[in-house]
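Each remark here refers to the structure printed beneath this line.
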Amino acid sequence: MAKSPPVFRFAPSPNGRLHLGHALSALTSAQLCTRFDGQLLLRIEDIDLTRCRPEFEQGIDEDLAWLGVRFDGAVRRQSEHFDDYRSALARLQEMALVYPCFCSRQDVKLAVARREAETGKPWPRDPDGAPLYPGSCRDLSEKERDERMAAGEPHVLRLAMDRALASANLSCPAFAYSVFDASGDEQRIAVDPARWGDVVLARKDVPTSYHLSVVVDDAIQGVSHIVRGRDLEAATDIHVVLQRLLGLPTPLYHFHRLLADETGQKLAKSRQSPGLADLRAQGVTPAEIRRQLGFT
Ligand code: GLU
């Protein structure tokens, strides 16, 4: 049987315009996709219904077309697929690996400060620098959970990481994933998801989270090769756990460098990094952007 072509994707969030960091990511995906004779899909990651806007999605389309990045197949918009994420959550709930957490950000902050005061030691942080969830809601009684949910108390759903990792299918075969490079060489990377603690799988306002929807969508879209920035390298451990729990394939990964501004900080929408549209308005050409980013 003929081997199916590799499937790549570019997955921006329409909560602002694209900047040079996105251009690097899109161009790297396109370049590797061409090299491996694959297909490149576009996915719009718009689960954040308050921050994502249709005009940003339109801007993303314009920026990518201007840059010369072309996509195959239909665009997948996450906001149109909440049922897919609900069924994945339901499976994890059946495995008793998910629990409701009623803590506000402030509750978590106070609980962490209390633990730090009690132990005199800094509370562990996750790879992004946020304090690990101290587990306040992990052991609530069934009765209390049901009552608070029935009363409509806002809550997120968290993955019980210890229980997830203890479940048999996470120990065999060796718990790892593979990264690939431009020459097609692969290297195994061991995962250490415990450093993230009980991550949120469904937010208060939507029945999913970045981690859950990205894993579900990659499987539904048949994505075999994921190209993403190094800032998402540690989070990939969470994705591999979810893939194992849900019985989904683990794609190959490639992490590209991150671009920094003059102050050495990573380019980000939140820091008002100049957008591709701004550069275009200043007369910069796509060819100049490609050259600047190291593409010939
Ligand atoms: N939507 C994510 C972002 O814009 C990236 C998607 C991914 O590689 O998982 O950073």
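We count ligands from 1, going down the list as the structure has it; atoms in each ligand are counted the same way. Quick note: residue numbers are just sequence positions, from 1.
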With a cut-off of 4.0 Å, which atoms of ligand 1 are near a heavy atom of [X]?
X: Tyr210; answer: 7 (C), 9 (O)
X: Ser13; answer: 1 (N), 4 (O)
X: Val214; answer: 9 (O)
X: Arg9; answer: 6 (C), 7 (C), 8 (O), 9 (O)

Is the shortest distance from a Lys or Arg side-chain nitrogen in [X] or [Y] to a carboxylate oxygen in the other one below 4.0 Å?
X: Arg77; Y: Asp46; value: no
X: Asp83; Y: Arg86; value: yes
X: Asp162; Y: Arg138; value: no

Practice problem: Check the surroundings of atom NZ in Lys109: do more than 12 heavy atoms from other residues, nucleotides or ligands lie under 6.0 Å from it? | Solution: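 Count not over threshold, so no.
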
Quiz prompt | Minimum heavy-atom distance between Asp126 and Asp128, given as atom pair plus value | solution =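 In this case the closest contact between Asp126 and Asp128 is OD1-N, 2.8 Å.
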
Practice problem: Looking only at distances, please establish whether an N/O atom of ligand 1 is found under 3.5 Å from an N/O atom of Glu45. | Solution: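 Checking ligand 1 against Glu45, an N or O pair does fall under 3.5 Å apart.
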
Exercise. Consider every N or O of Ala11 and every N or O of ligand 1, then say whether any pair is closer than 3.5 Å.
Key: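 Yes, Ala11 has an N/O under 3.5 Å of an N/O on ligand 1.
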
